[in-house]
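Here the structure is laid out as structure tokens; the discussion comes afterwards.
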Amino acid sequence: QLQFVESGGGLVQPGGSLRLSCGASGFVLDYYAIGWFRQAPGKEREKLSCINTSGRNNTNVADSVKGRFTISRDNAKNTVYLQMNSLKPEDTAVYYCAAHGLFRPCALWPEEYDYWGQGTQVTVSS
């Protein structure tokens with residue numbers, strides 16, 4: 001019953017914006033640190049951002065997207081968002097959300113996260 005579903009991807013022009021959603025089914029998302037990741041063809045999975053449980057009330061962002069991407073929660077909707085602005089062609093990838101263990105803080109590496117969605121494609125092209 002535990003499942004993530006990513007949505008909001010698509011085709012966007014350079015300089016445009018998208019908001020990705022990570023919906024959680026089968027558990028209370030606020031009890032988990034949630035990370036956003038991406039993987040382009042031929043490249044390793046890259047950690048982009050993470051939001052801690054609400055009690056910790058903090059986030060982190062990778063240098064590659066700092067100033068352009070923002071992570072947030074809407075606990076009423078049991079959803080985590082990734083707002084992506086000023087998109088570039090090199091942002092083209094499959095984007096994933098993932099959860100660390102129950103009540104655990106944000107982890108450093110993708111392999112430390114326990115639960116993953118199927119991903120949503122983001123393509124930045126004119």
Side-chain angles (χ1 to χ4, degrees):
Q1 195 169 355
L2 188 67
Q3 185 178 356
F4 283 173
V5 179
E6 298 98 336
S7 62
L11 177 64
V12 64
Q13 291 183 307
S17 298
L18 288 173
R19 188 176 74 166
L20 305 183
S21 298
C22 178
S25 179
F27 63 99
V28 178
L29 190 145
D30 189 44
Y31 293 170
Y32 297 84
I34 304 296
W36 280 99
F37 304 81
R38 68 184 179 189
Q39 189 165 22
K43 297 184 179 180
E44 294 185 348
R45 191 163 294 184
E46 176 188 11
K47 183 185 176 186
L48 300 173
S49 185
C50 186
I51 186 166
N52 270 305
T53 55
S54 295
R56 292 183 169 89
N57 192 35
N58 63 0
T59 63
N60 58 67
V61 183
D63 289 341
S64 60
V65 298
K66 186 177 181 180
R68 299 189 297 122
F69 290 13
T70 303
I71 192 169
S72 63
R73 291 182 184 269
D74 186 338
N75 289 332
K77 297 183 182 295
N78 206 33
T79 301
V80 169
Y81 301 101
L82 184 68
Q83 179 67 47
M84 306 187 297
N85 299 324
S86 302
L87 284 163
K88 306 173 182 179
E90 52 263 43
D91 295 319
T92 296
V94 177
Y95 284 69
Y96 301 88
C97 64
H100 201 195
L102 184 64
F103 298 121
R104 300 301 299 159
C106 286
L108 192 62
W109 307 109
E111 57 265 30
E112 297 180 81
Y113 289 77
D114 296 320
Y115 308 106
W116 292 81
Q118 294 299 307
T120 185
Q121 177 71 47
V122 172
T123 303
V124 184
S125 176
S126 60

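Each residue takes its place number in the sequence, starting with 1.
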Is the CD atom of Glu44 crowded by more than 12 outside heavy atoms at less than 6.0 Å? no
In Å, rounded to the nearest 0.5 Å, how long is the span from CG of Leu82 to OG1 of Thr70? 8.0 Å
Check: Gly9 main-chain N/O paired with Gln121 side-chain donor or acceptor under 3.5 Å: no
Do Phe27 and Leu102 have side-chain heavy atoms sitting under 4.5 Å apart? no
With a 6.0 Å cut-off (strictly less than), is the heavy-atom count around CZ of Arg104, excluding the residue itself, greater than 12? no
Are Tyr32 and Tyr115 close enough that some pair of their side-chain heavy atoms sits under 4.5 Å apart? yes
same_hphob_cluster(Val5, Ile34) at 4.5 Å side-chain heavy-atom cutoff: no
For Tyr113, enumerate each residue passing the side-chain hydrogen bond (donor to acceptor under 3.5 Å, both in side chains) test, keeping only those at least two apart in sequence or located in another chain. none
Is Ile71 linked to Tyr31 within one hydrophobic cluster, defined over Ile, Leu, Val, Met, Phe, Trp and Tyr using a side-chain heavy-atom separation of less than 4.5 Å? yes
Is the shortest heavy-atom distance from the side chain of Arg38 to the side chain of Ser64 under 4.5 Å? yes
Centroid separation Phe37 to Trp116 less than 6.0 Å: yes
Are Asp91 and Arg68 close enough for a salt bridge, meaning some N to O gap below 4.0 Å? yes
Between His100 (side chain) and Pro105 (backbone), is there a donor-acceptor pair under 3.5 Å? yes
Using distance only, find each side-chain donor-acceptor pair of residues 11-23 under 3.5 Å and give its atom names and separation, not counting sequence neighbours.
from	atom 1	to	atom 2	distance (Å)
Ser17	OG	Asn85	OD1	2.9

Are Tyr96 and Tyr81 in one and the same hydrophobic cluster, where Ile, Leu, Val, Met, Phe, Trp and Tyr link if side-chain heavy atoms are under 4.5 Å apart? no
State, with a plain yes or no, whether a side-chain heavy atom of Lys47 is found less than 4.5 Å away from one of Asn60. yes
Ignoring hydrogens and geometry, is there a side-chain-to-backbone donor-acceptor pair from Asp114 to Gly101 under 3.5 Å? yes
CD (Gln118) with more than 12 external heavy atoms under 6.0 Å: no
